[in-house]
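To start, the structure itself, in C-alpha cells.
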Number of protein chains: 4
Amino acid sequence: MTSTRPSTGKNPHGHAGPRRNVSARQAVLDAADDLLVERGFAGVTMEAIANRAGVAKQTIYRWWKSKVEILLDNLEEDGEAALAWNHGDGEPLAELVGQLSRLQAFLRDEAAGAVMHSLIGQALHDPDTAQRFREGFLLAQRRRDLAGLRNVLERLDCAPTGDAELAELLDRLLGPIYYRSVVLGISSSPEFLEELAHSVVGQAREGRRRG
Amino acid sequence: MTSTRPSTGKNPHGHAGPRRNVSARQAVLDAADDLLVERGFAGVTMEAIANRAGVAKQTIYRWWKSKVEILLDNLEEDGEAALAWNHGDGEPLAELVGQLSRLQAFLRDEAAGAVMHSLIGQALHDPDTAQRFREGFLLAQRRRDLAGLRNVLERLDCAPTGDAELAELLDRLLGPIYYRSVVLGISSSPEFLEELAHSVVGQAREGRRRG
Amino acid sequence: MTSTRPSTGKNPHGHAGPRRNVSARQAVLDAADDLLVERGFAGVTMEAIANRAGVAKQTIYRWWKSKVEILLDNLEEDGEAALAWNHGDGEPLAELVGQLSRLQAFLRDEAAGAVMHSLIGQALHDPDTAQRFREGFLLAQRRRDLAGLRNVLERLDCAPTGDAELAELLDRLLGPIYYRSVVLGISSSPEFLEELAHSVVGQAREGRRRG
Amino acid sequence: MTSTRPSTGKNPHGHAGPRRNVSARQAVLDAADDLLVERGFAGVTMEAIANRAGVAKQTIYRWWKSKVEILLDNLEEDGEAALAWNHGDGEPLAELVGQLSRLQAFLRDEAAGAVMHSLIGQALHDPDTAQRFREGFLLAQRRRDLAGLRNVLERLDCAPTGDAELAELLDRLLGPIYYRSVVLGISSSPEFLEELAHSVVGQAREGRRRG
DNA sequence: CTGTAAGCGAGACGGTACGTCTAGTCTTTTA
DNA sequence: TAAAAGACTAGACGTACCGTCTCGCTTACAG
C-alpha cells in the first residue's frame, strides 16, 4: 500500500527539488502487471517494464530494488481490499464460506492471482523475497484473517481461547485451498469450500467441548 | 526415475560410438543438487552445473532440456522412496500420522525438500514446468497417496466410496502441511499433524455415517 | 578570459533578478581543474564537477555548454599569461630560447598543461571542440607568437617579409616541442631547445640572404 | 599486427575447441573504422560496433579490452605499410621528402589518419591508452623512422654518430608536420616539406662539420 | 517596501552505453 | 559418435552520466 522509499513526505532538506512522479509510478506498476499476465514471470524484466511503461530503467531502480518489489506493491494495493472480511449480520457460517470463496476467486483472478502465485514462486527461490513477501503482505493478511475467523467463531460460540488453536484452524481452512491452487494448480469447488468450512467449524465446536 | 532420453539402452543406430557416460549423468545431478543447497535456485545455472560437474554444457543439453529437468530427475530418485506409504499391521491412524510426518520431514530436508520447493516455485512461474512437474512427479505421488489413504481408511472402516471424496480428504490432510511449508515457510508440529489426522479421519467417519 | 555569457553587466531585460554568482563560477572552474588533475579527463564529468563545486548541474549548464567550455575558460585564464612574450633589451636569441622554455614548462605543468593536453585530445575527437579550442585560444596565441617571433627576428635583422614564411619558422620552432609533448609524451631538454632556436634563426638568416 | 590474445596458435590444452572466428574479427575492425569515419570517435561505441559488425558484445570483449585496442589493431595493420621507408637508388634527399609526403598523406587519409588522430587524442586523455599506443605502434614506427633517416643521411655523408642527435633531427622533421596536423588541424604543403627536409639535412651537415 | 523575475541547490526524469552474466547453439578435436 | 572445450549470437542485468525538467528558496532591482 505504501511506496518503497519514505520520500513521499516533506522534503527533508529545507530546500526544494522535484517530487516523485506519481504517473510514472503507476505506469511501472501497470506495466509489470500486464507483462506478467501476457508473458509470464520470465517476461517481467526490468528492461521490458521500463520499455512498456515509457520510463527510464534508472527511475525504476530509484524506487524499487527489484521486480519483486514492484509486484509486491501491486499485491499490496489489490490484495488487502480483495481479501477483506465482510462482517454482516447474517449467518456466520455463510460469511466464512463467502470469505473462502473470495480467496479462491482472488487466486484464480488473472491479474492479482498471477501476482500472488509469482510472488509465492519467487519466495520459494529466494529467501530475501520470502522475507519481503511475508513481512510486506502475508503476515498482515494473516492477522486480518485471524481476526476475521475469531469474529465468526465467536458469533458461533466456538472460538478457541488460545491464538495457536485459532491459527491451526485457519491453516486447515486456507491450507487446502492454497495447496490446490499453488501446488496442484486446480480450483476448489464451492461444495468443497462449504464442506471445508463446516468441517473446521465442527472441529472448533468439538475442541470447545473438549477444551 | 529415468533420464530424459531413452539412450541408456541399445544404441538405436546400428552403428558405433560410445554410449552415455553414466558417471557424467550422476555428476550433473549431484552438481545441481549441491548448487541448489549452497547457492539457491538462482545459483543453479547450466554454466555452473557444467563447471562443477566437470562436464561440457553440450553434454547437459544433450540429455536434459533445462535445469528443471535435472532437478526433476533428482526429485524422482529421492521423492518416491521418501514418500512411500509404509503399511504395517499396527494402528492405521498412527500409520497415517507417520506418513504426514514423513512428508513434513521430506519438505524440511535440506536437499530433497529444497528441490521440491524449487520445482513448485518454478512451476508457479512457468506453465511448462508446471506440466512437467505434475506429470513427472506430482500426479504419480498423488496416486500413491490416494491408495495409501484408502488403505488406511478401509482398515478403519470409513473409506468413502467415491474417488472425489477421497481426494478431498487427502487435500485436507496435505493442504495445511504444504501451505505452511510452501507459503508460510514454517513447519508443522507433531501435535498439529496428529490433530489433523484425527480430525480428517473423524470427518471421514461422519461422511460414512451420512453418506 | 571572460565567461560564456555577457551577463556580468546590466541585466539585459529591463527587469530584476539576482546576477551571476561569481563564487559559483570560480568553484566550477576549480572543481574541473582539480578533477582533471586527480582523476584524469574521464573523471571530469558534469555530475562530478557539480558535486565537488557544491553547485547544481543546472547552474553549470546555464553558463557553459559542456565541460570543454569550462576547461577552455580555465585555459584562457592561465594560458595567456604563462605564454606571453617577454621582450626585454637583452640578447634576442636568448629571449627566443626563453620563450620556448616557457612553452615547455607550460606543457609540463600539472594543472595548465593537463588542461592543454586534454583540450588538444578532445579537439582530436570532436570537430566542434576543435573549432572552439582554436578560435577560443589557439589562434589568439598563435597571433601573439607570430608577433613575438617577428620582434625577435627583426632585432636580429632576419625577419622574413611574408607572413607565411614567418609562420613556417614558428611551426619549425613549436612543432618539435608540441610533437614531443603531445604525441611522444616526452619533454624537450634545454639543449634541444637552444639548438632548435639557433637552427631556425640560422635558417631565417639564410632565407634572408637568398630572398 | 597481431591479435590481442595469443590464441591463434595451437590450442594450449591437449584438448579441443573452436578456434577464433577470423571473419568476426575483421568485421569488428571494419565496423570500428567505418563508425569512426562516419560518426566520429564518440560514435565508436562497443554497442554500435557490435551492432554494425553483426557480432555479440561478448565476442568483442573476449578479444579486446576496449575500443582503443580495436583501433590500435587497425592502425597496426594499416600504419606499418603506409609509413614504410622506400629506399631506392635515386636522390636521397628526394627520398626523404617523399617519406615526409607519405606521412602527411597518411595523416590526412580518411580512415587511417582518423584512427591515428583518435588514438593520439585518447592517449592525451588516458595514460593507459598512451602507453598502449606508444608501445603498440609509435615506438616501433619511431625505430623504423630512425633507421630510415640514418640510411638517407649516410648516403649524404652527414649522419650523426649518436642516436640522440639522430632522434633530434627526426623530431625536427616530424614535429612540424604532426604539430600542424594534430594541434593546428592544417596540412603541410609540399613546399613546406621540401624546405623542411633541406633545412634539417643542412643542419645535419653543419653538425657533422662541427662535431 | 513590495512584487516579481531571475539565480540557485536539489534531484527526478527519459535516455544511452557501459561491462558482465547466462542462455542455448555450433564447431573443433580427442578418444 | 559421445564428450570436453569453448567461441558464438542474443539479450537482461544493474550502474553511471547525459542533458532537461521542475520545485521551492533566496535575492535584488522596479515600480
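Throughout, a chain's letter reflects where its sequence line sits, starting with A, and its residues are numbered from 1.
- Side-chain N/O atoms of B:N51 and B:E47 include no donor and acceptor closer than 3.5 Å.
- You'll find that the side chain of D:R62 is closest to F:dA7, out of E:dC13, E:dG9, F:dA7.
- Between the side chains of C:Q122 and C:D126, no donor-acceptor pair of N or O atoms lies under 3.5 Å.
- Look at CG on A:N51: it is 15 Å from C1' on F:dC13, rounded to the nearest Å.
- In this structure, A:R39 places its CZ atom 12 Å from P of F:dG11, rounding to the nearest Å.
- Applying the 4.0 Å criterion to OP1 and OP2 of F:dA28, one finds that C:R19 has every side-chain N and O outside that range.
- Atoms CG (C:L35) and P (F:dC17) sit 11 Å apart, rounded to a whole Å.
- Contact annotation: B:W63 does not reach the phosphate of F:dA2 (side-chain N/O to OP1 or OP2, under 4.0 Å).
- Regarding D:I70, its CD1 atom lies at a distance of 14 Å from the C1' atom of E:dC18, rounded to whole Å.
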Quick tally for nucleotides 19-26 of chain E: nucleotides whose base has a protein heavy atom under 4.0 Å get B, sugar-phosphate-only ones S, the rest -, giving BBBSSBBB

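- Atoms CZ (A:R25) and P (E:dA12) sit 16 Å apart, rounded to a whole Å.
- Annotation: cation-pi geometry not satisfied between B:R25 and B:W63 (NZ/CZ under 6.0 angstrom from ring centroid, within 45° of ring axis).
- D:K67 contributes a side-chain N or O that, together with a main-chain N or O of D:V44, makes up a donor-acceptor pair within less than 3.5 Å.
- Here the P atom of nucleotide E:dT28 and the CZ atom of D:R20 are 16 Å apart, to the nearest Å.
- If you measure from atom CH2 of A:W64 to atom C1' of F:dT15, you get 18 Å, rounded to the nearest angstrom.
- When rounded to the nearest whole Å, the span between CG of C:N21 and C1' of F:dT26 equals 11 Å.
- Classified by interplanar angle (parallel below 30°, tilted 30° to 60°, perpendicular above 60°), the ring pair D:H125/C:F41 is parallel.
- Take the nearest nucleotide of DNA chain E for A:V55 and for C:T59: the residue whose nucleotide is more 5' is C:T59.
- Within the 3.5 Å criterion, the main-chain N or O of C:A114 finds a donor-acceptor partner in the side chain of C:S118.
- For the atom pair C:L71 CG and C:L119 CG, the distance stands at 5.0 Å (nearest 0.5 Å).
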